[in-house]
Structure formats: C-alpha cells, structure tokens
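So the structure is just underneath, and the comments pick up after that.
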There are 2 protein chains.
Amino acid sequence: MILIDKENIDFGMILSQHALSKTSFRKILIEFFYRSKHSLSVEEIISNISHPVDKVSVYRALNAFEKNGLIHKVPDKANLIRYALCPSECSSSKHLHNHAHLLCSNCNETYCINDFKIPIVNECKGFVINNLKIILEGSCIDCQQSYS
Amino acid sequence: MILIDKENIDFGMILSQHALSKTSFRKILIEFFYRSKHSLSVEEIISNISHPVDKVSVYRALNAFEKNGLIHKVPDKANLIRYALCPSECSSSKHLHNHAHLLCSNCNETYCINDFKIPIVNECKGFVINNLKIILEGSCIDCQQSYS
DNA sequence: TAAAATTACGCAAATCAGTTGCATTTATTA
DNA sequence: TAATAAATGCAACTGATTTGCGTAATTTTA
C-alpha cells in the first residue's frame with residue numbers, strides 16, 4: 001500500500017488522469033477535497049476556498065468530477081448535494097464503491113466509513129435488491145472530544 | 001395480534017388519539033395513508049385525493065401528523081418529502097421505529113420493510129452511533145410483475 | 001350550546017438549492 | 001500559434017418547501 005504524501009500531490013496530474021481540464025479553480029477544488037477530512041457541500045466549498053468562484057461553476061465542476069470517477073455523492077443531513085473523494089481505483093468506467101456513511105448529529109458533517117461491513121442482500125420479501133445503503137447516525141470523533 | 005379491518009376504521013378517532021384536529025381534509029388524508037400500500041409524497045397526495053386542498057395545507061398537515069407520531073419521514077429517490085404510517089405504538093412522546101426502506105428504481109416509490117433485520121451498532125472507528133438507516137435499492141413486487 | 005380561544009386553511013409571496021442559456025474567457029488540440 | 005473545445009460568470013429560471021396573514025372551521029370554556 002502506498003501512503004500519499006499530502007504535501008506533494010500533483011493535483012493537475014490527478015485532473016489529467018481523470019480526463020478533466022486543469023483550470024486554476026479545479027486544481028484548487030481537488031486540493032480542497034484532498035485536504036478535507038470529511039465530505040463537502042457546495043456552500044462549504046464556496047465559503048472556504050480562496051479562489052472566488054460562482055456557484056454554477058462549483059456545481060458543474062462537481063458534476064464533471066463525479067462523472068469521471070474522482071468524487072462520489074454522499075448523503076447529507078439536510079439533503080444538500082455533498083461529495084467525498086473516491087478511492088483511487090475509481091474512474092469514469094469503473095466507479096463502484098460501497099461503503100457506509102456517518103452523519104454527525106452535532107456538526108452535520110458526513111464521513112465515509114470504510115470498515116463497516118455492508119451485508120449482501122439480493123432479495124427481501126419478494127423485492128429484488130440491487131444495492132444497499134447504510135447511514136450511521138451519531139457523533140464524529142471531533143464532536144465527542146469537544147464535549148469532554 | 002389484532003388485524004385491522006380497513007373498511008371500518010374510525011379515522012376521526014385516530015386523529016383524536018393523536019391530539020390532531022378532525023378537519024374534513026385531515027380525515028381524508030389519514031384515510032389515504034391507511035389505504036395506500038406505499039409511502040406518499042405531497043404531489044401524490046394532492047393529485048389523488050378527492051378533496052381539493054392547497055399544497056401549503058398538505059405540508060402543514062404532514063408536519064403535524066409527524067410531530068404527533070402518526071406518520072414518519074421516509075427516504076425518497078428524488079429527495080422529496082415523503083411519509084409513511086407509523087406503527088400503532090407511536091405517539092408524540094414515543095416516536096421510535098427502526099426499519100429498512102426499499103426504493104424501487106422503476107416506479108420510484110418507497111416502501112417500509114419491516115422484516116429486514118437491522119444490526120445494532122453502538123460504535124464504529126471511534127464514532128458513537130445512535131441510529132442506523134438502511135436503504136435497499138431494487139425492484140418492488142409490482143414492478144417485477146409488470147415485466148413478466 | 002353559544003361565545004371565546006385555538007387551530008387549520010387558502011392565497012400570495014418569499015426562500016433556497018439547484019439548473020439553464022448565453023456570451024466571454026481559458027485550456028486543449030492540431 | 002490558430003482553431004477547437006471546454007470552463008466560467010452572470011442573469012434569469014425552476015421546483016420544492018416555507019412564511020405571513022386574513023378568514024374559516026374546530027375545540028374549549030363558561
């Protein structure tokens with residue numbers, strides 16, 4: 001397993017590898033995803049990156065990133081559009097990853113939980129099941145610490 | 001176990017038991033929930049009940065019903081507000097029921113699945129878990145039959 | 001059971017997230 | 001570097017949900 005050195009990632013390269021244009025905003029956007037511990041909403045992106053950007057461009061960039069296997073949609077407490085980085089194996093052609101998500105009731109952030117074992121269910125009461133989504137609701141580590 | 005005779009339910013009584021006003025629209029609305037096999041969106045309610053009603057009143061009635069333990073929110077494929085009946089034990093004070101939901105990829109309806117066993121998880125990777133939501137994506141029974 | 005108090009209703013208008021069209025700028029390709 | 005393609009910003013739009021407010025129906029009280 002290769003550990004990624006967050007200080008020396010070539011974000012332009014990552015965009016190229018996913019067939020995405022290397023504009024200055026998109027380089028900053030993908031870097032922001034890499035530096036964030038949790039998933040991001042449009043609002044969080046706009047108000048936290050240095051680069052001034054229109055919300056329309058954010059929506060369109062997120063769409064393109066998702067289509068090309070760089071990020072994936074995650075659930076959000078308030079049903080907003082929210083994304084997190086995909087595992088490095090993802091691409092536009094192979095874009096499957098099944099993991100649980102944690103919604104923190106305190107800070108409302110969404111985290112990807114990779115070690116929760118998702119059961120395989122093909123059938124239930126006559127229904128044919130193709131996919132299973134699990135959402136864990138609770139407190140993230142930061143919010144527990146801030147209480148103590 | 002008491003089987004409910006759907007032809008002879010006193011819907012006014014049900015509203016009273018949940019401390020809700022017995023207006024003609026609300027009686028029709030709760031009856032509509034009892035007669036529906038699946039959960040209901042605002043749009044489905046407005047276009048299917050005989051009583052002419054403003055959408056604002058639907059939203060407010062659904063809100064009141066939920067608050068008083070008569071219905072609960074269920075996930076919706078398009079992130080619309082969608083509700084289903086609660087089990088009869090629910091009230092405004094005790095309004096807990098943990099079951100899985102099926103989203104049918106074909107008809108976009110949401111069904112409550114009561115026999116799917118939801119695992120109990122209190123902790124995961126340092127996160128404290130209070131609740132677990134499971135969404136099964138697949139085909140409902142009606143949609144499978146319509147293909148054959 | 002009628003008056004008083006509370007709650008629901010309908011309408012119009014507002015809000016809020018997300019989308020679309022289009023002219024302009026930036027990036028990629030040849 | 002010119003030609004082509006894609007991204008950006010702005011304005012305007014959509015669709016779901018919410019809010020304000022005057023009126024009507026329901027519930028409570030005397």
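Each chain gets a letter, A, B and so on, in the order its sequence line appears, and its residues count up from 1. Keep in mind the model is a prediction, meaning the values are calculated, not measured. Computed from heavy atoms alone, side chains included, the values below leave out hydrogens, waters and symmetry copies.
Distance, B/Asn63 CG to D/dT18 C1': 10 Å, rounded to whole Å. Look at OH on A/Tyr59: it is 18 Å from P on D/dA7, rounded to the nearest Å. In this entry the distance linking CD1 of B/Ile81 with C1' of D/dT18 reads 10 Å, nearest Å. The interatomic distance linking B/Asp54 (CG) with D/dA16 (P) rounds to 14 Å, in whole Å. For A/Leu15 and D/dA7, the CG to P distance is 11 Å, given to the nearest whole Å. Here D/dC13 presents its P atom at 13 Å from NZ of A/Lys55, a figure rounded to the nearest Å.
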Practice item. Sugar-phosphate means primed atoms, P, OP1 and OP2; the rest is base. With that split, encode nucleotides 19-30 of chain D 5' to 3' as B, S or - using protein heavy atoms under 4.0 Å. Key: BBB----SS---

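Taking the charged nitrogens against the carboxylate oxygens, A/Arg35 and A/Glu31 do have a contact shorter than 4.0 Å, which makes a salt bridge.
The six-membered or imidazole ring of B/His101 lies near that of B/His72, with a centre-to-centre distance under 6.0 Å. Ring centroid separation for the pair A/Tyr34 and A/Phe11 comes in under the 6.0 Å cut-off.
Listed by chain and residue number, A/Arg82 satisfy the salt bridge (Lys or Arg N to Asp or Glu O under 4.0 Å) test with A/Glu44 (two or more places apart in sequence, or in another chain).
No hydrogens or angles considered: nothing links the side chains of A/Thr23 and A/Ser21 as a donor-acceptor pair under 3.5 Å.
From B/Leu102, atom CG reaches atom OG1 of B/Thr110 across 8.0 Å, with rounding to the nearest 0.5 Å.
Residues B/Asp76 and B/Ile81 fail the side-chain proximity criterion, which asks for heavy atoms closer than 4.5 Å.
Interface limits on DNA chain C: the 5'-most and 3'-most nucleotides within less than 4.0 Å of chain A heavy atoms are C/dA17 to C/dT28.
Both B/Phe33 and B/Ile28 sit in one connected hydrophobic cluster of ILVMFWY residues. Membership requires side-chain heavy atoms under 4.5 Å apart, directly or through other members.
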